[in-house]
Amino acid sequence: MAQPSQRSSHTRSRFLLRSFLAGLLSLFLLATNSASYASDDAAPKTFKGRVIAPAMSYRGAGWLERLGRESTQQPEKVLDALQIAPGSTVADIGAGTGYFSLRLAKRVGPQGRVLATDIQPQMLAFLKDNMRANGIQNIEPILCTPTDAKLPEGQLDLALMVDVYHELEYPEETIAQVRRALKPDGRLVLVEYRGEDPDVPIKPEHKTTLAQVRAELEPMGFRLKEVLEFLLHQRIMVFVRNTER
């Protein structure tokens, strides 16, 4: 029988091994993420001086389910802060594998619905697999395009974009369609990496500053209602329609 000191040593060894393996996996996923964005030799597209980041490929879908995402992005705390009412109709724009869609589905309940959009059918296939695995039926996967958001007019209580806005190939067209899809008191919520902070560990084109986002969205008919700063690397920006525009 192992003595207490021996058991403690074995426990610490197992912990260190798991930590080491988790670190290796995180590095692998980071490398996968870096290689999972479309790239070519063409000049990058810009919008109001901001470089539009390439959309993440479905080949990097594992990055969306990576270890550590829950601790750094705190999805449940984000949704707590947004106070989504049961029965709401919400859109998860650029839903990917459904990391937020599944959580939204539980928040809105069986009387609510989640419109989960993505421009890649492969991402929606992953989302459908996750829906089946979790027994969730109130998510509607929608294949959209860079110029057609495929959202119904005047039905959304909330439109959520998590690390998506900076990748919109046609920001003005997409945001105009999102605005039309919102109810009069509907909200547009962007979660973006802070561009003001050079220590945020992601490429510059995948960050935005608050000033940039306001300069882009306010002329499109939105008004900044709230900014939440409790996440480690990201900022939550809540916009509503500006009826005075």
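What you are looking at is a predicted structure, and each value in this text was computed from that prediction instead of being measured.
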CG of Asn138 to CZ of Arg107, rounded to nearest 0.5 Å, is 13.5 Å

Mind checking the CG-NE2 spacing from Asp199 to His233? Nearest 0.5 Å is all I need.
9.5 Å

How long is the straight-line distance from CD1 of Ile84 back to OG1 of Thr89, given to the nearest 0.5 Å?
11.5 Å

Note: Asp80-Lys77 ion pair, threshold 4.0 Å (strictly below)
no

Side chain to side chain contact (heavy atoms under 4.5 Å, CB included) between Glu196 and Lys207, worked out
CA-CA 8 Å; Glu196 298 91 341; Lys207 304 180 189 181; over 6 Å; no

Before you tell me yes or no, could you show the steps for Leu168 and Ile175 under side chain to side chain contact (heavy atoms under 4.5 Å, CB included), namely the whole-Å CA-CA distance, both residues' side-chain angles and the distance that decides it to 0.1 Å?
CA-CA 9 Å; Leu168 295 179; Ile175 295 301; 4.1 Å; yes

Hey, mind stepping through His166 and Tyr193 against side chain to side chain contact (heavy atoms under 4.5 Å, CB included) and telling me if it holds?
CA-CA 10 Å; His166 65 273; Tyr193 284 95; 5.5 Å; no

Would you call Asp148 and Lys150 a salt bridge, taking side-chain N to carboxylate O under 4.0 Å as the test?
yes

So that I can tick it off, tell me whether Arg50 and Glu216 are bridged by a salt bridge, with the cut-off set at under 4.0 angstrom between side-chain N and carboxylate O.
yes

Quick one: do Glu205 and Lys45 make a salt bridge, cutoff under 4.0 Å?
no

Output yes when Glu229 and Arg194 qualify as a salt bridge under the 4.0 Å nitrogen-oxygen rule, no when they do not.
yes

Whether over 12 other heavy atoms sit under 6.0 Å from Gln137 CD
no

